[in-house]
Each structure stands twice: as C-alpha cells, then as structure tokens.
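Worksheet for the structure shown next.
Only this structure's heavy atoms are used, side chains among them; waters, hydrogens and symmetry mates stay out.
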Amino acid sequence: MLFALLCKDKPGHLNVRMETRPTHLEYLNGLNAEGILKIAGPFLDDEGKACGSLIIVEAASKEAARALADADPYAKAGLFESVDVKAYNWVFNKPEA
C-alpha cells in the first residue's frame, strides 16, 4: 500500500534542512534501492525555498509508514513542525500502470 508523508518544516529552520540534507538524501537513496520510495521532493514557499517535503512510500501499514517518516534524518533533527501520514492511491501516470 502507498502512503504520502506530508511534512511541514518548522518556521526559520531552513538551516537545519540544509545541514541535514546529505544524510536525508542518503536515507532516501536507501529506501529507493529497497523499492520502498516512490516519489520524493520538497515543497517550496513563495520565494522558492524549501518549506516541507512530500514523500510517497510503499509500506505494509500506516504504522510502518510512520516508522519510515520517524527514521528520516530530517525528523530526527527536529526539522518538521508536523508530519501527516495518509494512504495514497496513485491513479494517473503511475509507471507500472
């Protein structure tokens, strides 16, 4: 099952995002190699600066998806104000379709 991780950065924490980015990308590369990661990228504010993340993962349950979100180096660094985990149904432009 697919889950969307909707992550909102804490205001004024762009420096945390930039400092943690290499380990965050390493984490996502690992998920990608395992076939867990489907889509990932930052949300941008009106100035074009990252202010959150959208990550779509395949997981057995919402709890498993939450565990993936909690293991993200960004989450461990305290970057996120909130992380919403929602079941996701990829309908259009899905590569396997």
Please check if the side chain of [X] supplies one atom and the backbone of [Y] the other of a donor-acceptor pair under 3.5 Å.
{"X": "T20", "Y": "R17", "value": "no"}
{"X": "K49", "Y": "D46", "value": "no"}
{"X": "K86", "Y": "L5", "value": "no"}

For a 4.5 angstrom cut-off between non-hydrogen side-chain atoms, does [X] reach [Y]?
{"X": "K38", "Y": "E58", "result": "yes"}
{"X": "F43", "Y": "C7", "result": "no"}
{"X": "K62", "Y": "F3", "result": "yes"}

side-chain contact (heavy atoms from CB on, under 4.5 Å) against A71, all qualifying residues, sequence neighbours excluded: Y27

side-chain contact (heavy atoms from CB on, under 4.5 Å) involving E19 - partner list, sequence neighbours excluded: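 With sequence neighbours excluded, E19 shows a side-chain contact (heavy atoms from CB on, under 4.5 Å) to N15, given in chain and number order.
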
Euclidean distance, E63 CD relative to L68 CG, rounded to 0.5 Å: 12.0 Å

Reported OH-to-CD1 distance for the pair Y88 and I56, which is rounded to 0.5 angstrom: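 It is 4.5 Å, given to the nearest 0.5 Å.
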
same_hphob_cluster(I36, I55) at 4.5 Å side-chain heavy-atom cutoff: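 Linked, I36 and I55 end up in one cluster.
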
Same apolar cluster: V85 and L31, side chain cutoff 4.5 Å: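 Yes, it is one cluster - the side chains of V85 and L31 are joined through contacts under 4.5 Å.
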
Steps toward side chain to side chain contact (heavy atoms under 4.5 Å, CB included) verdict (V83, L6): CA-CA 5 Å; V83 177; L6 304 163; over 6 Å; no

[X] and [Y]: which non-hydrogen atoms are nearest, and at how many Å?
{"X": "A59", "Y": "A65", "result": "CB-N, 3.8 Å"}
{"X": "L37", "Y": "L28", "result": "CD2-O, 3.6 Å"}
{"X": "G78", "Y": "K10", "result": "O-NZ, 3.1 Å"}
{"X": "C51", "Y": "D45", "result": "SG-N, 3.6 Å"}
{"X": "A4", "Y": "L54", "result": "CB-CD1, 4.2 Å"}

Mutual orientation of the aromatic rings belonging to Y74 and H24 [parallel < 30°, tilted 30-60°, perpendicular > 60°]: parallel

Verdict with reasoning, F80 to K8, per side chain to side chain contact (heavy atoms under 4.5 Å, CB included): CA-CA 5 Å; F80 298 135; K8 181 179 178 183; over 6 Å; no

Qualifying side-chain hydrogen bond (donor to acceptor under 3.5 Å, both in side chains) pairs, either residue in residues 28-37, two or more places apart: none

Trace of the side-chain hydrogen bond (donor to acceptor under 3.5 Å, both in side chains) decision for S61 with R66: CA-CA 9 Å; S61 65; R66 170 63 67 182; over 6 Å; no

